[in-house]
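Keep in mind the model is a prediction, meaning the values are calculated, not measured.
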Amino acid sequence: MDFRGSTNDNGMLTMLFSFSESILPPDSRSFLLEPLFLRWVSGTLHAVLLLVMFCSWIRSKIRGSNGFGAVTESLKDRRGFGFKSALFCSLALSLLNLALMSLSGFYWYESDWLDKEELVSFVGFLLAMVSWGILSICLHRYSDYEQKFPFLLRLWLGFYLAVSCYSLVVDIVMYKRQETIPVHLLVYDMVSFAAALFLGYVAFFKKARGNSNGVLEEPLLNGDSSVGGSVELSKANGGDEATPYSRSGIFGLLTFSWMSPLIDLGNKKALDLEDVPQLHDSDSVVGLAPKFRSMLESSDGGERSGVTTFKLIKALFFSAQWEILVTAFFVFIYTVASYVGPALIDTFVQYLNGRRQYNNEGYVLVITFFVAKLVECLSQRHWFFRLQKVGIRMRSSLVAMIYEKGLTLSCHSKQGRTSGEIINFMTVDAERIGNFSWYMHDPWMVLLQVGLALWILYRNLGLASIAALIATILVMLVNVPFGRMQERFQEKLMEAKDSRMKSTSEILRNMRILKLQGWEMKFLSKIFDLRKSEEGWLKKYVYNSAVISFVFWGAPTLVSVSTFGACILLGIPLESGKILSALATFRILQEPIYNLPDTISMVVQTKVSLDRIASYLCLDNLQPDVVERLPKGSSDIAVEVTNSTLSWDVSSASPTLKDINFKVFPGMKVAVCGTVGSGKSSLLSSILGEVPKISGSLKVCGTKAYVAQSPWIQSGKIEDNILFGKPMERERYEKVLEACSLNKDLEILSFGDQTVIGERGINLSGGQKQRIQIARALYQDADIYLFDDPFSAVDAHTGSHLFKEVLLGLLCSKSVIYVTHQVEFLPAADLILVMKDGRISQAGKYNDILSSGTDFMELIGAHQEALAVVGSVDANSVSEKSALGEENGVVRDAIGVDGKQESQDLKNEKSDSGEPTRQLVQEEEREKGSVALAVYWKYITLAYGGALVPFILLAQVLFQLLQIGSNYWMAWATPVSKDVEAPVNISTLMIVYVVLAVGSSLCILVRATLLVTAGYKTATQLFHKMHHCIFRSPMSFFDSTPSGRIMNRASTDQSAVDLDIPYQFGSVAITVIQLIGIIGVMSQVSWLVFLVFIPVVAASIWYQRYYIAAARELSRLVGVCKAPLIQHFAETISGSTTIRSFSQESRFRCDNMRLSDGYSRPKFYSAGAMEWLCFRLDMLSSLTFAFSLVFLISIPTGVIDPSLAGLAVTYGLSLNTLQAWLIWTLCNLENKIISVERILQYASVPSEPPLVIESNRPEQSWPSRGDVDIRDLQVRYAPHMPLVLRGITCTFKGGLRTGIVGRTGSGKSTLIQTLFRIVEPSAGEIRIDGVNILTIGLHDLRLRLSIIPQDPTMFEGTVRSNLDPLEEYTDDQIWEALDKCQLGDEVRKKEQKLDSSVSENGDNWSMGQRQLVCLGRVLLKRSKILVLDEATASVDTATDNLIQKTLREHFSDCTVITIAHRISSVIDSDMVLLLSNGLIEEYDSPLRLLEDKSSSFSKLVAEYTARSSSSFT
């Protein structure tokens, strides 16, 4: 195409022309205007650039640095706009020169290699392409270009600008003279001039940005601890050291040799996380998260509430735009290279038929085929690897955003999204968006591939290619309704999964309660019901996928039938060369069309995930302006609340807190008291800024520390929990331990303060958790302390010690606001706030308000009533004698050992026992070595005993045979050229072809349907097996297994089994069968192919075995490293209030980033290992193909049929892709099957004893008396842990009330757990009414006993489902129970009565109300034996008295065993058992114990009475 000048004059153009004529010397004008001369100058200039860069590289090598310039680790942070643009500009010029070089080569070839001008152009463009390409690589690798490209490069750019300007001027002169200019050269000169101008500007005027650390300037890591944390984190993630990837040379990068050391190490040992190198800082979330966040905020104008799916996509794109553009370039190169083969097949067949166009044409064709294969292989490998990098970056950025949102989410928003749902955003949605990177370029690549295919078809078949286009469009249109259905099914599937994960999360959290109540199987059936709903959508989803698969596997057949049919109708002659070229094109076109269902499915899934994450990021954050925070010392008031009305639900008609007014001065102690549900905890939350404000003002001056009512303990060491991010100061630390009475507890624990606490403090007693919480607050040395009833969970002695040492001791100069139900702690307060119905009904000092109102008097009256009980027992103790002890022969165990001696004995026992001491929570197990064949076999045979597998394989074999048969038929039945007569007529040709095509399509439908059926059935069975096994496992399994590990298997691994693994198995089978088909076809032409193929296959297998050792462990590490990330996230969500109150958000973000990078590391190197293998396999298969071609051109003409040889080449073109794909799918299957291995691991956890033993079931009326006989009971929590109960013998007589008291950690709760067989005894036995409880089923035992547990628990659902989950009682019975436990009126107030909703964890009910619901459960059950495990710890004294009264009234004939910290709860018991360090210290009636003033119980009562009555002196 030529461009000729216009004859019309233009003023500006004339002036420019005159100027250009005048600057050219008259003698040389004709020579200097020659295009040949311009191309020669340009080529020489680019050769000079190559020489300059080569010399610079040699110089730096001699100096000892790595290649061209030193590696600068801060590369990504320093890049300015100019630098990135220069890089992109160089790459674009290289690409343009590649295109023009190809065009010149084509023109040169057309001229029979005789046109010297085209030769010069070709060489010039080649030099330009290489030099710009190398320059762009250098710019990408080495950022400090001002130093590394000094004077010489700038000088060269000056020359380049002059030459490109001159070329453009010459074009204008030629244009004026109306001479012919090739249009591509005109475009090239214009682009070159523009690029030269821009590069000149960057080189001479634009300065590199300074070395600022972008990470530290971002608001994401603000706060005092953030800078240190982020620097440390940066180091931990390789920020200051070169990683194997970043320090690798160009050859190493091209061939993935930088992975070799890690793969080699994986062959020598099982890889651990410390063996995996760090991430380069450009891939670490430390740098990515702040950038992503700023992009997201800038895209929506700083309004976080306005995050939309589009803005999220935009931010994701711009956070990885460079990698996305580079991969787009690789995709383009790959696509063009993949079509070189089909374009040349016709020429190759004609060559074999004897038609030669020039000498050595065969070798030129073989070299072209081979080079195209090499380019295709290289571009594909780097495209795949870089896209996986993009995926890792996107996932990391999203996880950081989801985590950050979880830290700032308002309580109202949290009620709408449970922790299970939010964890799903992280484990499923962010993961899916990361995986979408694989499919990112597919939509536009399909268009490019279809375009190239149509061009080749048009060259071979003319207008018949239009039929191919129409058929392709039709196939794609057919997919639209299926795609929409797929999207809907995907959405519903995710919603169902969310509901299931939400319930699973809640159930795992409360498994102890379920086991105690004997409800676990009922809740398992709830999980199965939720899964059933999920399975309904899963079934629709997979069968819809099967239909889409059928449509698209049949699509190439439809396209080829319609194309050949159109040829016949249009009278276009069908020759075997052209047919084979078309078939090769259809085979390549199959790839995008095969992948299109996956792509559409992935686009749909990703869109759903993006919508979900965007809607989550749009949720309301905490109002930042609820509390006005003043710096320390800026005000003489610590806390000031003025006319404040606040409400958890802003839309509610009745606010939570109304008209609140009070002031707290520095050093003041403020007590908050009131009945259950009066708003005490809400008042503290409002000071923390947690409760949305409707009106008024709250001011807080100084730092805060908060102790929550429900202890929040992180899994980790006790020391870390107390330090909570602060540096260790030993003196202060020891003072805190002393004040919180923790020293003795630490002496008992095997590892002291280095003991690792299980999830949610599982291996600590309630009191220990509470005291660690108080210690954490004390160590922070804050200005204002907020305590939410921390003394309720500890015994009376410890409570008074804490109050004295902590509130009146260490915190004497601090401002303290404490909620309490214990009236004895009120007189010490400078101000008492009495709460009622969300208002402060009374405020003032103790004596001032004592007589001024009824609310406070009610609380005091209840307290005096409790004291009166204690007093009456004390008074009667002298005169009355209890015959009970004498009658029953129960004696006191007077072990006269003081605490210190006891502690010393314990220590000696620990050290001398010879038991290996291990932490409760161990590292997550992971299998090592290859995945056992038993895992594969188990998976294959799980559905219908594997009966469907032979049919799936048979359907695929038939499909392959019919496909090869149809292609063979077309090659054989069409003539090689026009001169040769066709063996069959046209109608026969088409009928046979259509029959074979239809048959192959039906085989695909059968295979797809059977495959998804087997996959669906297997997934269902694995789910049921694992969950049944988990729910039946003993409590020790849940104590030592963080729920994150179970959740990971229930979400990520189950997702893989549901949606990935069936297709991975199918893919391996399909590829093996295709590969065998190809080898079969190629060997038909030349058996010599086997000479090369056999050693190549052997080498491939060796490479695969060499690679898989490292890849398998990396894949397992991915699974193992994910659980800590989920667990940390779950802990953060549950403790977000505590984290915010200590202003520790930045530290927790850093921890999340560290864990996120720990998960990304094995993922990144796993991707690198995969490409390392595939690159080598591609090289081997390309050599096999090249050998086959060389053999075909070497044999004399006529020895083999050119059509069959062409068919072999057609199939051979996909040999390398298929061989690499086979190994890739095998490795991917082995990586994915680890999900099955992990699920099977939890499907074989040892179970608890049977729930029911049919041969030994107790009578229906058992227990009728309620006698509990304990003989020599010894208990430990795990074989490797010390004894908790060390030989207890006693009897609880039926119908009597027994109180169990003792210091925190003395074994009270353990005794109760053993009674319910939550913990099995190591020795000894317990008999109830003469029946040994170890010989009957667990449900027979647990369902006959009742318990009100230490932690009041409610489940998401309704009031009815919480009271009666087994649905055994009528509404009237439920109402009766509610009235008895004083909740009837509260529930009647609610609109839906018994169907009123209960949110996750019962968060919309106060702690006291939850405790009353637990009382309601036992009132419904009416068992003969009732256990109260610190059941009234969370209620005020009045409510406690009411509960005690209710119990006395309704359980008068029952055996009641009470563990209590309030002496008033046990003082009127018939018997008191005092435990100390797992032994009975005293056991007798309270009267007898009080007679002996030296008894521990007597001292405890005396202390309680003295402390309590001091209020009234």
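With rounding to the nearest 0.5 Å, the separation of CG in Asn1152 from CZ in Arg1147 is 13.0 Å. Going from atom CD1 of Ile637 over to atom NZ of Lys663 covers 4.5 Å, rounded to the nearest 0.5 Å. The line from CG of Leu646 to CG of Leu657 is 5.5 Å long, rounded to the nearest 0.5 Å. Note that the CG atom of Leu810 and the CG atom of Leu778 stand 5.5 Å from one another [nearest 0.5 Å]. Note that the CG atom of Leu1383 and the CG atom of Leu1412 stand 4.5 Å from one another [nearest 0.5 Å]. Separation of atoms OG (Ser686) and CG (Leu698) is listed at 5.5 Å; rounding is to 0.5 Å.
Formation of a donor-acceptor pair under 3.5 Å by the Asn721 side chain with backbone atoms of Gln714 is found in this model. Judged by distance alone, with hydrogens and angles left aside, the side-chain atoms of Thr1458 form no donor-acceptor pair with the main-chain N or O of Leu1428 at under 3.5 Å. At distances below 3.5 Å, not a single donor-acceptor pair connects side-chain atoms of Gln770 with backbone N or O atoms of Pro711. Checked by atom type and distance alone, the side chain of Ser644 pairs as donor or acceptor with a backbone atom of Ser697 at under 3.5 Å. Panel note: side chain Thr1137, backbone Gly1135; no donor-acceptor pair is recorded below 3.5 Å. At least one donor-acceptor pair closer than 3.5 Å links the side chain of Lys669 to the backbone N or O of Gly667. Using a distance-only test at 3.5 Å, with no hydrogens or angles considered, no donor-acceptor pair links the side chain of Trp712 to the main chain of Gln773. Of the possible donor and acceptor atoms, one in the side chain of Thr703 sits under 3.5 Å from a partner among the backbone N and O of Asp783.
The pair Arg730-Glu734 meets the salt-bridge criterion, since a charged nitrogen lies less than 4.0 angstrom from a carboxylate oxygen. The existence of a salt bridge linking Lys658 and Asp837 is excluded, since no basic side-chain nitrogen approaches an acidic carboxylate oxygen closer than 4.0 Å.
The side-chain heavy atoms of Glu1145 and Ser1143, taken from C-beta on, include a pair separated by under 4.5 Å. Residues Thr1132 and Leu407 have side chains in contact (heavy-atom distance under 4.5 Å, counting atoms from C-beta outward). Put simply, the side chain of Val639 does not reach to within 4.5 Å of the side chain of Ser815, judged on heavy atoms. The side-chain heavy atoms of Leu683 and Phe662, taken from C-beta on, include a pair separated by under 4.5 Å. When side chains are defined from C-beta on, Lys814 counts as touching Asp781, because their heavy atoms get closer than 4.5 Å. In this structure, Met728 and Glu719 have side chains that are in contact, with non-hydrogen atoms separated by less than 4.5 Å. The closest side-chain heavy-atom distance from Leu622 to Glu690 is below 4.5 Å. When side chains are defined from C-beta on, Leu630 does not count as touching Val700, because their heavy atoms never get closer than 4.5 Å.
Of all heavy-atom pairs between Ile1348 and Cys1414, the closest is CG2-CB, 3.8 Å. The two residues Ser685 and Val691 come nearest to each other via the heavy atoms CB-CG2, 3.7 Å. Contact between Gly838 and Ile660 at its shortest, heavy atoms only, is O-CD1, 3.7 Å. Taking both residues in full, the closest heavy atoms of Leu802 and Cys740 are given as CD2-CA, 3.6 Å, listed atom of the first, atom of the second, then distance. Heavy-atom minimum distance, Gly406 versus Arg1140: O-NH1, 4.5 Å. The minimum heavy-atom distance linking Ser647 with Ser654 is given by the pair OG-O, 4.4 Å.
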Subject >> side chain to side chain contact (heavy atoms under 4.5 Å, CB included) between Gln780 and Gln1144, worked out >> reply: CA-CA 11 Å; Gln780 295 298 306; Gln1144 290 278 335; 3.9 Å; yes
Subject >> side chain to side chain contact (heavy atoms under 4.5 Å, CB included) evaluation trace for Tyr733 with Asp753 >> reply: CA-CA 11 Å; Tyr733 184 71; Asp753 64 357; 2.8 Å; yes
Original post:
Can you check side chain to side chain contact (heavy atoms under 4.5 Å, CB included) on Leu826 and Cys673, steps first, answer last?
Top reply: CA-CA 9 Å; Leu826 295 177; Cys673 59; 4.2 Å; yes
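No option in Arg776, Lys704, Lys726 other than Arg776 meets the side-chain contact (heavy atoms from CB on, under 4.5 Å) test with Phe1142. Among the candidates Phe825, Phe787, Tyr785, the single residue satisfying the side-chain contact (heavy atoms from CB on, under 4.5 Å) test with Leu807 is Phe787. The side-chain contact (heavy atoms from CB on, under 4.5 Å) test with Tyr779 singles out one residue from Leu737, Ile774, Ile722, and that residue is Ile722.
Judged purely by distance below 3.5 Å, without hydrogens or angles, the side chains of Gln1127 and Ser715 pair a donor atom with an acceptor atom.
For Phe1148 and Phe724, the ring centers are positioned less than 6.0 Å apart.
With sequence neighbours left out, Ser682 forms a side-chain hydrogen bond (donor to acceptor under 3.5 Å, both in side chains) with Trp648. Under the rule for a side-chain hydrogen bond (donor to acceptor under 3.5 Å, both in side chains), the partners of Ser1136 that lie at least two apart in sequence or sit in another chain are Lys414.
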